[in-house]
Amino acid sequence: MVQIKLPDGSVKEYSEGVTPRQIAEGIGKRLADAAVAAVANGQIVDLDRPLEHGTDAPIELKLLTSRDREALDVLRHSSAHIMARAVMRLFPGTQLAFGPTTSTGFYYDMRVPGRSISEEDFPAIEAEMARIVEAAEPFERFALPVAEARQFCAGLDQTLKVEHIDEELSLDKYGGILSFYRQGEFVDLCRGPHIPHAGKLGAGAFKLLTIAGSYWKGRTTGPVLQRLYGTSFFDRKELDAHLAQVEEAKKRDHRRIGKELGLFTISPLVGSGLILWMPKGAAVRGQLESFLKDELIKRGYQPVYTPHIGKVDLYRTSGHYPYYKDSQFPPLKLLNDEAIQLVLALEKKLEDQASSSELTAEAEAALVKSAGIGLTWSEWSALSTRAKIELVNEKATAEEYLLKPMNCPHHTQIYAALPRSYRDLPVRLAEFGTVYRYEQSGELSGLTRVRGFTQDDAHLFCTPDQVRGEFRATMELTQHVLSSLGLSDYKVRLSRSDPEDPKYQGAAGDIWRRAEDDIRSVLVEMQLPFEEAPGEAAFYGPKADFLVRDCLGRQWQLGTVQLDYVLPERFGLEYIGADNQPHRPVMIHRAPFGSMERFMGILIEHFAGAFPLWLAPEQVRVLPISEKAEAYAQTVLAELQKAGLRASIDLRSEKIGAKIRDAQLEKLPAMLVVGQKEAESGQVSYRDRLEGDKGAMPLSAAIDRLLEENASRVIRQAAVVAPTAPEPPASEEQHAY
RNA sequence: GCUGGCGUAGCUCAACUGGCAGAGCAUCGGUUUUGUAAACCGAAGGUUGUGAGUUCGACUCUCACCGCCAGCUCCA
């Protein structure tokens with residue numbers, strides 16, 4: 001007998017091997033029909049999976065219906081199978097890889113021999129899926145020992161599945177037993193669980209979305225697969241609602257709004273991933289920067305400035321150079337004088353063959369020698385002109401500079417420029433420092449992934465005793481900053497080292513552990529919920545990252561606070577302690593916004609371009625009713641500007657309705673309508689973006705109102721928050737089977 | 001970087017299988033002098049991303065490059 005405990009607390013006895021479906025039937029026919037799957041002791045299982053006793057304790061069972069979020073996940077997993085089955089019918093011989101669910105749908109990676117699937121095939125695939133759904137055949141589970149499972153997959157000619165079994169499932173991972181699910185002619189190696197039959201997927205409640213390339217198990221060297229994305233629901237209406245919501249989200253995309261409102265632009269002539277801030281975007285960013293700068297000054301930070309380049313040796317010393325060579329702009333090479341002459345002469349020769357006689361062989365030989373190329377004349381003269389230039393560039397480099405990929409090395413040199421006493425610590429050096437990273441072309445995206453960006457960076461140098469306090473203060477600063485902007489939908493990740501990864505080998509284990517413990521205990525102390533991520537740490541230390549989601553559901557790292565015991569060591573930083581002995585300071589790297597560009601991107605989406613008054617590029621616009629009120633309107637504008645408000649005036653020969661409409665579309669927080677009535681009484685008619693016409697009031701009252709709202713940084717517009725969807729399964733889970 | 005898709009006026013989009021590149025909005029000029037989300041008339045605006053090729057003829061077909069989009073990979 002097995003004891004089953006239901007969510008209402010009741011415990012009932014059933015015979016061994018009873019299935020959730022049988023239990024549901026015992027409760028009521030309606031429940032049995034509605035049930036999709038079940039949760040047994042926290043694990044989601046098929047409705048027809050016999051329940052077995054693990055311990056003496058009763059099995060806690062919950063039946064899942066279409067109302068449960070977990071059920072939707074099961075449905076989507078089954079949808080992936082249905083899609084794969086449809087593809088197999090249309091394109092026999094298709095190789096299947098993995099078909100997991102995501103937070104908003106599902107995908108299946110596959111390879112169709114001899115052709116590729118395109119979006120034009122979607123209608124046919126969807127039609128085939130509809131037939132499968134209509135047939136409503138059951139998903140039947142069966143299990144095989146690994147060896148037989150392998151043979152079975154081989155028999156199905158599913159070589160990717162065979163490979164996966166060999167690589168990861170051949171060990172006694174799942175008790176040496178692998179499960180399969182059969183749907184009519186279609187069988188797939190799969191851990192499950194699944195919906196009882198295909199008919200549970202509502203008619204028309206699924207849709208193929210897009211197709212993209214993917215790598216088999218993420219290996220860039222391996223075969224490229226096609227990933228078909230789709231989504232599904234229990235009901236067609238839910239699908240429609242979801243699709244409508246996706247459309248809405250697209251309207252908030254910062255790339256679109258940035259263009260519409262003239263906030264920023266990107267010019268291919270300047271370069272991909274290099275942001276050009278237009279006046280309006282610059283105004284918003286400027287407000288953010290001064291807001292943060294004020295907060296920093298209050299907290300004892302000292303602003304500094306450092307240049308955009310630094311010698312390669314700086315990054316060799318810091319240790320950044322070898323790790324991040326790939327993602328840097330190539331070094332600027334400066335040649336010695338002789339080499340410069342030589343290259344100039346050679347380049348001239350390349351351009352203009354006729355006058356090549358300018359560089360005599362004697363002169364060339366002399367330059368080659370004094371430039372320090374290190375070749376004999378006969379070796380040298382055997383080379384082509386182009387090869388010579390290349391060689392000189394390589395061999396005769398006097399100095400190399402990097403566009404700085406981070407600010408910390410520069411800041412260490414400011415710290416090191418003075419003798420430091422323990423009484424001086426902590427030293428907090430802050431800078432809006434622009435850094436450059438050569439991101440892969442396919443990675444660039446609007447403001448969120450760029451090649452040049454400005455960090456609201458600071459480095460704190462403190463004694464070991466001060467670490468926890470400083471770390472906590474920076475976490476609180478970040479929280480304060482985010483909440484001041486109405487951003488609450490973020491999460492904190494403790495990014496730890498991964499002992500397996502050689503990247504972290506340099507650091508002594510003890511120090512790392514201590515740093516990670518410090519961070520963890522502060523997070524706990526602050527009662528900040530967080531998740532741990534091994535292998536996400538910087539090479540010099542663990543960190544706490546703030547992750548925020550954009551309107552399309554993509555997650556981005558914004559603020560970060562990092563502990564660093566490595567760079568002070570590498571740069572030999574010191575302070576004199578109370579014991580009159582030199583000691584090593586600890587560094588804390590921190591950036592509440594992270595990157596100004598990325599943060600602006602998130603903020604644009606967060607407010608859908610409708611910034612609160614204190615951030616708005618244009619805070620208020622004067623709208624004269626007609627030319628007759630123009631003179632008065634000008635005096636109103638002058639008063640607004642005198643009060644320090646970002647104000648403008650609309651002098652077009654348009655009707656007031658059109659001026660209002662345009663100002664609304666440009667998301668101006670406030671409008672002052674002035675006509676003859678107002679001109680005569682010295683008043684303005686105040687129109688609020690959200691609340692509409694507020695009626696006439698004295699100009700001074702309007703200004704007070706605006707100044708008050710500006711100073712208190714009110715956020716009145718309820719932020720449109722993207723629906724918080726559960727995380728996609730962890731990668732390990734995705735690749736289970 | 002990889003896979004796939006896309007690139008027509010400042011913006012949003014038309015132009016059947018290869019056969020004279022068009023509309024709305026924005027812009028400019030004029031008329032209108034307006035009371036809380038779009039006044040009216042007119043003009044101008046293009047080597048169809050760039051460069052080759054196929055063809056009597058290319059926005060349309062082919063190739064290369066540039067850029068953008070989705071995803072993969074990467075992300076100090």
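Residue numbers begin at 1 in each chain, while the letters A, B, ... track the order of the sequences.
Taking the six-membered ring wherever Trp is involved, the centroid distance between the rings of A:F599 and A:F593 falls below 6.0 Å. Aromatic ring centroids of A:F98 and A:W216 lie under 6.0 Å apart.
For A:I211, the side-chain atoms get nearest to B:G4 when compared with the rest of B:A70, B:G4, B:C74. Among the nucleotides B:A37, B:A76, B:G35, the one closest to the side chain of A:R687 is B:A37.
Across all strands shown, nothing is found opposite B:C59 as a Watson-Crick or G-U wobble partner with both distances under 3.5 Å. In this structure, B:G42 forms a base pair with B:C28, meeting either the Watson-Crick or the G-U wobble geometry with both donor-acceptor distances under 3.5 Å. Under the Watson-Crick or G-U wobble criterion, with both distances below 3.5 Å, B:G4 is paired with B:C69. Pairing of B:U36, defined by two Watson-Crick or G-U wobble distances under 3.5 Å, is not identified with any nucleotide. Figure legend. B:A64 is base-paired to B:U50; pairs are counted as Watson-Crick or G-U wobble with both atom distances under 3.5 Å. Base pairing of B:G22 is made with B:C13, judged by Watson-Crick or G-U wobble geometry with both donor-acceptor distances under 3.5 Å.
Cation-pi geometry between A:R451 and A:Y438 is met: the NZ or CZ atom falls under 6.0 Å from the ring centre, inside 45° of the normal.
In this structure, A:Y229 and A:Y107 have tilted ring planes: the angle between them lies in the 30° to 60° band. Aromatic ring orientation, A:F461 versus A:Y415: parallel (interplanar angle below 30°, classes split at 30° and 60°).
Distance noted for atom C1' between B:U36 and B:C41: 26 Å (whole Å). For the P atoms, the distance from B:A37 to B:G29 is 28 Å, rounded to whole Å. Atom name P, nucleotides B:A21 and B:C13: the rounded distance is 23 Å, in whole Å. Rounded to the nearest Å, the gap between the P atom of B:U17 and that of B:C6 is 14 Å. Taking the P atoms as reference points, B:C61 lies 28 Å from B:G24, given to the whole Å. Nucleotides B:A39 and B:G45 have their C1' atoms positioned 23 Å apart, rounded to a whole Å. Rounded to the nearest Å, the gap between the P atom of B:C16 and that of B:U60 is 12 Å. Taking atom C1' on both nucleotides, B:U27 is separated from B:G18 by 34 Å, rounded to a whole Å.
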Got a list of protein N/O to nucleotides 27-32 of chain B N/O distances below 3.5 Å?
| residue | atom | partner | partner atom | Å |
| --- | --- | --- | --- | --- |
| B:U32 | N3 | A:S653 | OG | 2.6 |
| B:U32 | O4 | A:S653 | OG | 2.7 |

Tabulated below should be each protein N or O lying under 3.5 Å from an N or O of nucleotides 67-69 of chain B; please produce it.
| residue | atom | partner | partner atom | Å |
| --- | --- | --- | --- | --- |
| B:C69 | OP1 | A:R255 | NH1 | 3.3 |

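With hydrogens and angles ignored, no donor-acceptor pair closer than 3.5 Å exists between the side chain of A:R437 and the base of B:C74.
Applying the salt bridge (Lys or Arg N to Asp or Glu O under 4.0 Å) test to residues at least two apart or on different chains, none of the pairs has a partner in residues 623-637 of chain A.
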